[in-house]
Protein chains: 2
Amino acid sequence: MIGAVKKACQIISCFTNETPILGIGEIAAKLDMNVSTAHHLVSTLCNEGVLMKDNQKKYRLGWKVLEWNNHVMFQQDVYDKAMPLVKELIHRFKGSVHIAMFDKGTVVFVLKVSSKDTTPIHTYVGSRKPAYATSSGKVLLAYNPAYLQETIERGLSYQAPNTITDIEQLKEELKWIQRNGYSISNNENSDGMYGIAAPILSYSKKIIAAINLVGPVSYMQDSHRSMIIQSVKSTAQLISKELGYIEV
Amino acid sequence: MIGAVKKACQIISCFTNETPILGIGEIAAKLDMNVSTAHHLVSTLCNEGVLMKDNQKKYRLGWKVLEWNNHVMFQQDVYDKAMPLVKELIHRFKGSVHIAMFDKGTVVFVLKVSSKDTTPIHTYVGSRKPAYATSSGKVLLAYNPAYLQETIERGLSYQAPNTITDIEQLKEELKWIQRNGYSISNNENSDGMYGIAAPILSYSKKIIAAINLVGPVSYMQDSHRSMIIQSVKSTAQLISKELGYIEV
DNA sequence: GGTGGGGATTTCATATTATGAAAATTCAGA
DNA sequence: TCTGAATTTTCATAATATGAAATCCCCACC
């Protein structure tokens, strides 16, 4: 592993919505590195356009990030092809919809759309949650044994009252998901939400991602839940058709 | 400048819409570096989530890029605040609208929206054009002498029949733009388009960016051009109010 | 207008670390 | 199973990132 590159990535990741503008000193303190080292790295990143200098001696993320983002294939495809279907789902049932992928034992949200009039949920594109404690994560685990293996190795820990922390219990649940083609998360996460997820599959039936619809427990418990489940499943299938050529 | 970081940035930039999936060999060839070096860098970037491994031995851009992009303050603000106003402009006049910023002698497009039924234009978020040959670029030059200085140092070169290649002529044009508060580009670029641009200013009247409306020459030449100019100017002013706290 | 202080830069010797040739491995296709 | 073309790993060496300290720069305060 090339240290300088790793550090550069860490520096870029320091710039968040909470701290979009940072000075050299702040960066160095955050990452516990020498100000000189930080300065060298930041200067290089500025030269490349990844960071840019504020009018003061502060820095912020630069244009290069926008450019790179435009080239993320998923972003392109997910936006162009999946978005209309996701919007339709939101339109019908309110709540929030995510598309999530598996990475290093967690689910990463690669798309998020929320209805305007729904309980806010603390997720954003790029954020992560434990796979075993989310509806989309459980779908991903159910459809790919390698994901499960990786998750087990990292261990299961308590997240909320209903989190599955027993490996055997998790395996049972995954079998159920395989049989039924969808998963449910009822307050297993820290957000007090009810989620329904279904798999997005490639042409060769490998799992690419999962789509989920999330809403307050009260809302989802009501009579039209089975209709929601059907809709999430069919949306997942439609998106699978659109994105199915992708193999991760 | 830290070489490893610079090279890592170059590697990331290799992944484009044309070549979204690359092998080590291809990357090494593109950048004329040793395959081993490329491999070390790519491995590190994979570890950081900036790149990800395809199912084959190929690589593509990873989730980290999505995450970083979400934190680009401009992106956030531009989308949330400027987008409705931009959409309104498109709705009224068709064509394409860009928001552009100045960087290293060129304009960088940080937002692009096109009407569905208009002549396509070869720009995208993150792409660049010479400042002196675009309507938005000329606005940026007119409102910031430092930008002009930088542009002159890099020299003016022929881009299309109407490109301004004489420095004195350019300065005259910029004075006109200052007086009138907008700029026009009539086939000065390589795209055969007619553009109208106006400045987006901060509260302290420094130029942040420029907004332009672009369309086929034939369309823009007609009688309601003065109305278009007024609309572009007033949209720019509204966006200035929304984004005015930003100081670059 | 001068002064002090808290940054950001720059410098430079040193130790760390990236480099690249070559060997080992993997994988797909014959 | 074999072959060839890729990737991945290894490792000695050269290159370069590192960080303490010195300098510079810009504000805020006198």
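A note on names: the letters A, B, ... follow the listed sequences, proteins ahead of strands, and every chain is numbered from 1.
- In this structure, A/Leu45 atom CG and D/dA17 atom C1' are separated by 14 Å, rounded to whole Å.
- Residue A/Lys53 places none of its side-chain N or O atoms closer than 4.0 Å to OP1 or OP2 of C/dA8.
- Taking 4.5 Å as the limit, some side-chain heavy atom of A/Glu150 sits within range of a side-chain heavy atom of A/Phe102.
- The number of heavy-atom neighbours closer than 6.0 Å to NZ of B/Lys6, taken from other residues, nucleotides and ligands shown, is 12 or below.
- Between B/Lys138 and B/Glu173 there is a salt bridge, with a side-chain nitrogen of the basic residue lying less than 4.0 Å from a carboxylate oxygen of the acidic one.
- Put simply, B/Tyr59 has no side-chain N or O that comes within less than 4.0 Å of OP1 or OP2 on D/dA6.
- In this structure the side chain of A/Met33 reaches within 4.5 angstrom of the side chain of A/Lys7, judged on heavy atoms.
- For the pair A/Lys58/A/Lys53, no side-chain contact is recorded, criterion being any heavy-atom separation below 4.5 Å from C-beta on.
- Of all the residues in residues 31-41 of chain B, B/Ser36, B/His39, B/His40 reach under 4.0 Å from DNA chain D with at least one non-hydrogen atom.
- Regarding B/Leu51, its CG atom lies at a distance of 16 Å from the C1' atom of D/dT7, rounded to whole Å.
- When rounded to the nearest whole Å, the span between CD of A/Gln10 and C1' of D/dA17 equals 15 Å.
- Residue order along DNA chain C, read from the 5' end via each residue's closest nucleotide, puts A/Leu22 first among A/Leu22 and B/Ala4.
- Atoms CD1 (B/Ile24) and P (C/dT25) sit 19 Å apart, rounded to a whole Å.
- The closest side-chain heavy-atom distance from A/Trp63 to B/Phe109 is not below 4.5 Å.
- Within the 4.0 Å cut-off from OP1 or OP2 of D/dT16, not a single side-chain nitrogen or oxygen of B/Lys6 is found.
- Considering only side-chain N and O atoms, A/Lys7 lies under 4.0 angstrom from the phosphate OP1 or OP2 of D/dT18.
- Following rounding to the nearest Å, B/Lys57 (NZ) and D/dG4 (C1') show an atom-to-atom distance of 12 Å.
- Of the two residues contacting DNA chain C, namely A/Ser43 and A/Ile2, the nearest-nucleotide position lying further toward the 5' end is that of A/Ser43.
- The ring of B/Phe15 has its center no closer than 6.0 angstrom to the ring center of A/His71.
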